[in-house]
**Q** 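If you scroll down you'll find the structure; I have some questions about it.
Naming convention: chains lettered A, B, ... in sequence-line order (proteins, then strands); numbering from 1 in each chain.
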Number of protein chains: 2
Amino acid sequence: MELKELVERYQTAINQVYRRVNGILKDKMHSDITTDQFSTLHFIFKHSKCTSTDIAHEFGVGKSAVTAQINRLDEKGLIVRERDENDRRVVYLSVTDKGTDFVNYTEKAIFEILGSYLKSFEKEEIYTFIHSLEKLAKIMNEDLGE
Amino acid sequence: MELKELVERYQTAINQVYRRVNGILKDKMHSDITTDQFSTLHFIFKHSKCTSTDIAHEFGVGKSAVTAQINRLDEKGLIVRERDENDRRVVYLSVTDKGTDFVNYTEKAIFEILGSYLKSFEKEEIYTFIHSLEKLAKIMNEDLGE
DNA sequence: ATGAATAGTTCACTTATTGAACTATATTAT
DNA sequence: ATAATATAGTTCAATAAGTGAACTATTCAT
């Protein structure tokens, strides 16, 4: 099989999955938060006291884009900014109680739906798939540092 | 292993891969076309004489979003619109010679870079991975029709 | 102490998307 | 045959997301 064919199949499939997952989340979150905003909120939830720079690096976007994201989450009362007392340039981000509730509630909804899709897969197949995906992500991230 | 953990790992990894691939394409396409625009152009390239509705369905967006995309590609001279003579509501889309050259050139660049990432994978691992990805895409697309 | 680096914000601009309203054409039902 | 309905695509106003340059406010280095 040719590389060209494999890459095209990969592109088509990953695009479909990515957009479909986005669509499902949009439907089920029943709220006026976007999936991009939820990704950022979730990252802050998992990495409490992280910074804008961390987020910019994680998602591969500029710092000004992160400022805009953070502003939207801040306006909704889902996160708080907190300046470092020692290095006053730094702003730490963390989720509020409201943000925590929101993440927990939304995750539950997401797991139910995605879980139902995964029923057609053998456990072994899921592990192998995720392992390959993580390996690919790792290789690509490493390469970035060069 | 818990579903929750698997889904979170999936989300993190696929997000990273998706954004990283986008970043690579952006770097290497050395042109003022975006990756979204290239996706649309590529779809038209592969499905000559397709319609806006086809594209809206493929990418899961509204028709007005497609009109905007098509306009951008049209302005760049990469595609042409052509009305159906029998059903004058319908507009067929196809790539111009310039568009064809552009797709071929860009694909070559993409294959070189993505190919280099895939060197760390066994052939078998790649096939299995793409097979699972396509299976997931298929399940999700089927579910959409309900 | 001065100059460079770092963290974050602001600003102007572009792209992508949505959804409602609209035009034009085709289909269907009475 | 015609009136109602459906379909294909566009336009428009709004929002979200991104870029990159210029900026503020710090901290670090020599």
**Q** Kindly indicate, with the supporting measurements, whether the criterion side-chain contact (heavy atoms from CB on, under 4.5 Å) is fulfilled by A:Ile55 and A:Val61.
**A** CA-CA 8 Å; A:Ile55 295 173; A:Val61 298; 5.9 Å; no
**Q** Do you see a donor-acceptor pair shorter than 3.5 Å between the side chains of B:Glu107 and B:His42?
**A** yes
**Q** Apart from A:Val90 itself, what residues make up its hydrophobic cluster when side-chain heavy atoms of I, L, V, M, F, W and Y under 4.5 Å apart count as a link, directly or indirectly?
**A** A:Tyr92
**Q** Rounding to an integer number of Å, can you tell me how far B:His57 NE2 sits from D:dG9 P?
**A** 14 Å
**Q** Show the numbers, then the answer: is there a side-chain contact (heavy atoms from CB on, under 4.5 Å) between A:Val91 and A:Thr51?
**A** CA-CA 6 Å; A:Val91 176; A:Thr51 66; over 6 Å; no
**Q** Which one, D:dG18, C:dT18, C:dG8, comes nearest to the side chain of B:Ala65?
**A** C:dT18
**Q** What N/O pairs connect the protein and nucleotides 24-29 of chain C at under 3.5 Å? Give each pair on its own line.
**A**
unit_1, atom_1, unit_2, atom_2, d
C:dT25, O3', B:Arg88, N, 3.4
C:dA26, OP1, B:Asn86, O, 2.7
C:dA26, OP1, B:Arg88, N, 2.9
C:dA26, O4', B:Arg89, NE, 3.4

**Q** Can you tell me if CG on B:Asn104 sees more than 12 non-hydrogen neighbours from other groups inside 6.0 Å?
**A** yes
**Q** How about B:His47 and B:Asp54: do any of their side-chain heavy atoms sit closer than 4.5 Å?
**A** no
**Q** Mind checking ring-ring contact (aromatic ring centres under 6.0 Å, His included) for B:Phe129 and listing every partner two or more places apart, or none if nothing turns up?
**A** A:Phe129
**Q** Hey, what bend do you get for the helix from C:dA1-D:dT30 to C:dT30-D:dA1 if you fit axes on five pairs at each end, rounded to 10°?
**A** 20°
**Q** Could you check whether A:Arg81 gets within reach of a base, just the sugar-phosphate, or nothing at all, counting any heavy atom under 4.0 Å?
**A** sugar-phosphate
**Q** Using the salt bridge (charged side-chain N to carboxylate O under 4.0 Å, His left out) criterion, which residues pair with A:Glu8? Sequence neighbours excluded.
**A** B:Lys46
**Q** Salt bridge check: are B:Glu5 and B:Arg9 linked by an N-O gap of less than 4.0 Å?
**A** yes
**Q** If I take atom CZ in residue B:Phe59 and atom P in nucleotide C:dT17, what distance separates them, rounded to the nearest angstrom?
**A** 9 Å
**Q** Each nucleotide N or O in nucleotides 10-15 of chain C that has a protein N or O under 3.5 Å away: list the pair and distance.
**A**
none

**Q** Less than 4.5 Å apart, any side-chain heavy atom of A:Arg72 and any of A:Gln69?
**A** yes
